[in-house]
J.: 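Can you keep this structure in mind? I'll have questions shortly.
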Amino acid sequence: ERTSYRFRFYYNERIESWIMEIRLSDGTPVVLGVRLVPLYPMTIDYADGISGFFWLEPIGENQNQTVSNPFELQKYYRLFYIWDDGEVETT
């Protein structure tokens with residue numbers, strides 16, 4: 001979206017979940033404390049400052065492995081940012 005952001009991901013052991021924070025490059029908060037949830041359009045309803053949403057896509061059949069291996073999230077999921085860039089696609 002032509003803006004620089006800083007992302008922070010951390011694991012919260014109390015709720016056994018990964019949490020995402022997004023800030024502008026100057027440190028201004030955009031999204032704080034969003035739980036990473038697979039196959040759900042995260043930030044679509046409430047995030048100011050971004051027009052899209054985040055999508056956590058499982059890789060392969062081992063998506064439940066993160067329960068036993070929570071610190072290997074990158075092996076089991078891919079995170080995407082999806083937004084409308086305003087351009088019309090023609091075929």
Side-chain angles (χ1 to χ4, degrees):
E1 293 189 49
R2 296 178 177 31
T3 303
S4 295
Y5 296 98
R6 292 187 340 211
F7 290 82
R8 177 179 176 233
F9 299 93
Y10 60 92
Y11 188 74
N12 183 317
E13 291 184 19
R14 184 176 57 83
I15 61 172
E16 298 181 339
S17 292
W18 281 93
I19 306 298
M20 174 176 61
E21 292 184 352
I22 305 169
R23 297 176 184 267
L24 295 175
S25 59
D26 66 2
T28 303
V30 177
V31 175
L32 300 176
V34 172
R35 183 178 181 176
L36 292 183
V37 179
L39 305 174
Y40 178 80
M42 296 171 283
T43 72
I44 196 166
D45 294 331
Y46 58 89
D48 292 329
I50 57 175
S51 63
F53 62 90
F54 291 87
W55 184 260
L56 190 63
E57 182 79 27
I59 300 171
E61 300 174 6
N62 296 324
Q63 60 183 319
N64 293 327
Q65 291 269 344
T66 56
V67 173
S68 60
N69 301 312
F71 297 104
E72 296 182 352
L73 185 70
Q74 76 283 356
K75 288 185 177 181
Y76 305 106
Y77 293 94
R78 289 198 176 118
L79 182 65
F80 297 94
Y81 180 63
I82 301 167
W83 82 99
D84 182 4
D85 62 4
E87 295 184 18
V88 177
E89 184 177 317
T90 59
T91 55

J.: Roughly how far, to the nearest 0.5 Å, is the CD1 atom of Ile50 from the OH atom of Tyr5?
T.: 6.5 Å
J.: List the steps and the verdict of side chain to side chain contact (heavy atoms under 4.5 Å, CB included) for Arg78 and Ile59.
T.: CA-CA 7 Å; Arg78 289 198 176 118; Ile59 300 171; 3.5 Å; yes
J.: Provide the closest heavy-atom pair for Ile15 versus Arg35 in the form atom of the first, atom of the second, distance.
T.: O-NH2, 4.1 Å
J.: Any heavy-atom pair between the side chains of Glu21 and Val31 that's under 4.5 Å?
T.: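 No. Closest side-chain heavy atoms not under 4.5 Å.
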J.: Tell me whether Glu13 at atom CD has more than 12 heavy atoms from other residues, nucleotides or ligands lying less than 6.0 Å away.
T.: no
J.: For Tyr77 and Pro38, indicate whether the former's side chain and the latter's backbone hold a donor-acceptor pair under 3.5 Å.
T.: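 Side chain of Tyr77 to backbone of Pro38, a donor-acceptor pair under 3.5 Å: no, none is there.
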J.: Restricting to non-hydrogen atoms, name the atom on Leu36 and the atom on Met42 that form the minimum distance, rounded to 0.1 Å.
T.: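 Leu36 and Met42 have their closest heavy atoms at CA-SD, 3.6 Å.
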J.: If you compare all heavy atoms of Thr43 against all heavy atoms of Met20, which two are closest, and at what distance to 0.1 Å?
T.: CG2-CE, 4.3 Å
J.: Between Phe54 and Phe7, how do the two ring planes meet: parallel, tilted or perpendicular, split at 30° and 60°?
T.: perpendicular
J.: How long is the straight-line distance from CZ of Phe53 back to OH of Tyr81, given to the nearest 0.5 Å?
T.: 9.5 Å
J.: Check the pair Tyr11, Ile19 against side chain to side chain contact (heavy atoms under 4.5 Å, CB included), reporting the backbone distance first and the verdict last.
T.: CA-CA 6 Å; Tyr11 188 74; Ile19 306 298; over 6 Å; no
J.: For Leu56 and Trp18, what are the C-alpha separation, side-chain angles and deciding distance, and is it a side chain to side chain contact (heavy atoms under 4.5 Å, CB included)?
T.: CA-CA 11 Å; Leu56 190 63; Trp18 281 93; over 6 Å; no
J.: Do Leu39 and Ile82 sit in one hydrophobic cluster, given that two such residues count as connected whenever their side-chain heavy atoms are within less than 4.5 Å of each other, even indirectly?
T.: yes
J.: Any chance you could measure Arg23, atom CZ, to Leu32, atom CG, to the nearest 0.5 Å?
T.: 5.0 Å
J.: Which atom names give the shortest non-hydrogen contact between Ser51 and Trp83, and what distance separates them?
T.: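 Residues Ser51 and Trp83, closest heavy atoms: OG-CB, 4.0 Å.
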